[in-house]
Enquirer: 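Got a structure here, written out as structure tokens. Questions coming.
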Amino acid sequence: DAGVTQSPTHLIKTRGQHVTLRCSPISGHKSVSWYQQVLGQGPQFIFQYYEKEERGRGNFPDRFSARQFPNYSSELNVNALLLGDSALYLCASSLEVAEPQHFGDGTRLSIL
Amino acid sequence: QKEVEQNSGPLSVPEGAIASLNCTYSDRGSQSFFWYRQYSGKSPELIMFIYSNGDKEDGRFTAQLNKASQYVSLLIRDSQPSDSATYLCAVNPTGGSYIPTFGRGTSLIVHP
């Protein structure tokens, strides 16, 4: 079975641009979460979705938004990119919200 | 502010030894605890989860939970150079929110 898939794997943008990151969960998983990880730190929670509803939002500005589709895939959107948004963006899925999460390979975003 | 603390390391152990990784958490009511392994440049990989006080063993890995003392540990027996990675501790808080808080991880180096 396929694991969590994320696209693209790498992305280079300039300040002020917009980016959309995509995630397909493991088949049967209904919950998707997004994290940002910078070097030397653990993943920082951005959003959690379950059955297309937002279940939680981390301490990130309104430039960050997300949604979950009927097939449980998800998008993370970031507007007005800043240099500080450079990071590894991770998507994780789980069967239900209380279940252990499994991560995709991530999208490495670089802002120039 | 719910916190998860890990010694950043590096923890250096010889091949064949037992590696002991520790994690403390601030939310006394936390219910679910996870250990992830993250190789350099890769995404986190779930290796263990534990919900009840005591030990849980899976192959060379043992997770230990002590809710009274608010710590969870991961033991790796017969450590191999391939175990060299950063180990992330994650804790689900109380209050019905299944959004794990991650520690910053402990770097483990297993030398031949």
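Order of the sequence lines fixes the chain letters, A, B, ..., with proteins taken first and strands second; residue numbering starts at 1 for each chain.
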Enquirer: Kindly indicate whether the side chain of B:Pro100, heavy atoms from C-beta on, has any atom under 4.5 Å from the side chain of A:Tyr35.
Expert: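 SC-SC contact between B:Pro100 and A:Tyr35 confirmed.
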
Enquirer: Taking all heavy atoms of A:Leu90 and all of B:Pro44, pick out the closest pair and write down the distance.
Expert: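 What the structure gives for the nearest pair is CD1-CD, 3.8 Å.
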
Enquirer: Report the distance from atom CZ of B:Arg104 to atom CD of A:Gln37, rounding to the nearest 0.5 Å.
Expert: 11.5 Å

Enquirer: Is A:Phe103 reachable from B:Leu46 through a run of hydrophobic residues whose side-chain heavy atoms are each under 4.5 Å from the next?
Expert: yes

Enquirer: Evaluate whether atom CG of A:Asn59 has more than 12 neighbouring non-hydrogen atoms of other residues, nucleotides or ligands under 6.0 angstrom away.
Expert: no

Enquirer: Can A:Leu76 be reached from A:Val19 by stepping across I, L, V, M, F, W or Y side chains whose heavy atoms are under 4.5 Å apart?
Expert: yes

Enquirer: Under 4.5 Å heavy-atom distance to chain A, tell me which part of B:Tyr51 shows up: side chain, backbone, both or neither.
Expert: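 Interface part for B:Tyr51: side chain.
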
Enquirer: Count the heavy atoms belonging to other residues, nucleotides or ligands that lie under 6.0 Å from CZ of A:Arg15, then report whether that count exceeds 12.
Expert: no

Enquirer: Compare every heavy atom of B:Ile99 with every heavy atom of A:Arg55, then report the nearest pair and how far apart it is.
Expert: O-CD1, 4.4 Å

Enquirer: So for A:Tyr50, is it side chain, backbone, both, or neither that comes closer than 4.5 Å to the heavy atoms of chain B?
Expert: neither

Enquirer: Return the minimal non-hydrogen interatomic distance between A:Pro100 and B:Phe49, and the atom names on each side.
Expert: CG-CD2, 3.7 Å

Enquirer: According to a hydrophobic-cluster definition based on side-chain heavy atoms being under 4.5 Å apart (Ile, Leu, Val, Met, Phe, Trp, Tyr only), do B:Ile109 and B:Val13 belong together?
Expert: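 No, because B:Ile109 and B:Val13 fall into different hydrophobic clusters, even though each may have its own neighbours under 4.5 Å.
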
Enquirer: Would you indicate whether B:Asp27, at its atom CG, is surrounded by more than 12 heavy atoms from other residues, nucleotides or ligands within a distance under 6.0 Å?
Expert: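 Yes, enclosed.
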
Enquirer: Indicate, with yes or no, if A:Leu109 and A:Leu83 share a hydrophobic cluster defined by side-chain heavy-atom contacts under 4.5 Å among Ile, Leu, Val, Met, Phe, Trp and Tyr.
Expert: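 Linked, A:Leu83 and A:Leu109 end up in one cluster.
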
Enquirer: So which of A:Gly42, A:Gly106, A:Pro43, A:Gly40 has the largest heavy-atom pair count under 4.5 angstrom toward chain B?
Expert: A:Pro43

Enquirer: Does any heavy atom of chain B fall under 4.5 Å from the side chain of A:Gln101, the backbone, both, or neither of them?
Expert: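 Interface part for A:Gln101: both.
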
Enquirer: Measuring heavy-atom distances to chain A, does B:Gln31 have an atom under 4.5 Å in its side chain, in its backbone, in both, or in neither?
Expert: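 No part of B:Gln31 comes within 4.5 Å of chain A.
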
Enquirer: Which heavy atom of A:Leu88 sits nearest a heavy atom of B:Lys42, and at what distance?
Expert: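 That would be CD2-O, 4.3 Å.
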
Enquirer: Where does A:Gln41 contact chain B at under 4.5 Å (heavy atoms): side chain, backbone, both or neither?
Expert: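 For A:Gln41, backbone and side chain are both near chain B.
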
Enquirer: Could you tell me the separation between the OG atom of B:Ser43 and the NE2 atom of A:His102, rounded to the nearest 0.5 Å?
Expert: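 The NE2 atom of A:His102 is 12.0 Å from OG of B:Ser43, to the nearest 0.5 Å.
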
Enquirer: Indicate, with yes or no, if B:Phe61 and B:Phe34 share a hydrophobic cluster defined by side-chain heavy-atom contacts under 4.5 Å among Ile, Leu, Val, Met, Phe, Trp and Tyr.
Expert: no

